[in-house]
Amino acid sequence: MQLLEKIQNLKKERKAVILAHNYQPAEIQDLADFKGDSLGLSIEAAKSNAEVIVFCGVHFMAETAAILSPQKTVLLPEKHAGCPMANMINAEQLKMLKQHHPDAVVVCYVNSSAAVKAESDYCCTSANTVEVVNSLGKDKKIIFVPDQYLGQFAAQKTGRNLILWPGYCPTHVTITEDDIKKAKAEHPAAIVMAHPECTEPVKKLADQLLSTSQMIKFVTKSTAKEYIVATENGIIHSLKKQRPDAKFYPATERALCPNMKKITLDKIITSLETMEPKITVPEDIRLRAKRAVDRMIEILPSK
Ligand code: 13P
Ligand code: SF4
């Protein structure tokens, strides 16, 4: 209780807002002013009037907030909270790929560095990938980076032939086809919700392919009483809060993102006290990256 009070006082003093991703530890989700998926958090970061944004998530998320709101101070309470998938491609590698396909447009997943976004034409999140790809002319050649599995999902849903990069999320690929088969055998009435970052065999067994906030929205409307959840298990806290009457089974206990769990209440306090670690983006990169990110937040998902 003392820690929570301290955070509330510091928040007022610094005119700060706390944003948390759906994979954050339960106590952090509960104290956040806004909780959401990558798209929702980006929109919130852009429209917030706060002077300081405390980003409880991973580095690329805080960087996206800094791209959208350069006048605000963006704090990431643990500077080593990175995203291994985002680190699977850098700007030099993307430039080389573009040289091989000079007539292609580049769509990058928001799970990428600011430098990669600066080399891209469009950015997207798992909530609006299909809508972003569909917004591009049918004759356009498209490079999609860095998540091969989200790219495959977009290719299937749109019927487009995308040039993919072999990136992946180490947390989502730990969920296997056998995990889903086993969970379905144990809970035959359950609806399987999977994140598009999962591998193809897992997605084939799913009833619903959804971003994290889309999963939360889906269970509030659905009348089913049981769900198998194939994404990072931190989301189960929010799902249970939405539907205390329903049962949620993780596809596997292994689906935990160690980086998402690096943020703690103590680190939020230290961050608000010291106003560090600050996340900033060099202005030339920020301006180029912002074009792609602005396009992402303009294209709303259909679900
Ligand atoms: P969403 O919350 O946008 O679905 O993203 C999932 C993810 O892996 C974020 O790192
Ligand atoms: Fe990156 Fe995967 Fe962790 Fe999301 S869950 S931050 S994609 S490693």
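Counting starts at 1 for both ligands and their atoms, following the listed order. Here the structure is a predicted model, which means the values were calculated and not measured.
Under the 4.0 angstrom criterion for non-hydrogen atoms, H21 is not in contact with ligand 2. The shortest heavy-atom distance from H21 to ligand 1 is under 4.0 Å.
For the pair K203 (side chain) and P196 (backbone), a donor-acceptor distance under 3.5 Å is present. Side-chain N or O atoms of E232 include none that pairs as donor or acceptor with a backbone N or O of N22 at under 3.5 Å. A side-chain donor-acceptor contact under 3.5 Å links R243 to the backbone of V219. Proximity of a side-chain donor or acceptor of K117 to a complementary backbone N or O of S112 within less than 3.5 Å is detected. The backbone N or O of P301 lies less than 3.5 Å from no partner atom in the side chain of E131, so there is not a single donor-acceptor pair. Distance alone, capped at 3.5 Å, is enough to place a donor-acceptor pair between the K278 side chain and the M275 backbone.
Side-chain contact between M260 and M61 is present, with heavy atoms from C-beta onward closer than 4.5 Å.
Atom 10 (O) of ligand 1 has N111 ND2, 3.4 Å as its closest protein atom, hydrogens excluded (heavy atom only). Protein heavy atom nearest atom 5 (O) of ligand 1, with residue, atom name and distance: S38 OG, 3.5 Å. In terms of protein heavy atoms, atom 4 (O) of ligand 1 is closest to H195 NE2, 2.7 Å.
Heavy atoms from both the backbone and the side chain of T212 come within less than 4.0 Å of ligand 1. By the criterion of a heavy-atom distance under 4.0 Å, both the backbone and the side chain of S211 are placed next to ligand 1.
Taking every heavy atom of E197 and a limit of under 4.0 angstrom, the matching atoms of ligand 1 come to 6 (C), 7 (C), 8 (O). When each atom of ligand 1 is checked for a heavy atom of S126 under 4.0 Å away, the hits are 1 (P), 3 (O), 4 (O). For ligand 1, the atoms lying closer than 4.0 Å to a non-hydrogen atom of M61 are 9 (C), 10 (O).
Y122 and R291 form no side-chain donor-acceptor contact under 3.5 Å, judged by distance and modelled atom types alone.
Rounded to the nearest 0.5 angstrom, L205 CG and I180 CD1 are separated by 6.5 Å. Taken from CZ in F218 to CD in Q242, the straight-line distance is 13.5 Å, to the nearest 0.5 Å.
Listed by chain and residue number, the protein N/O/S atoms under 2.8 Å of atom 1 (Fe) of ligand 2 are C83 SG, with waters left out.
Partner of Q24 under the side-chain contact (heavy atoms from CB on, under 4.5 Å) criterion, out of L19, I263, D30: I263 alone.
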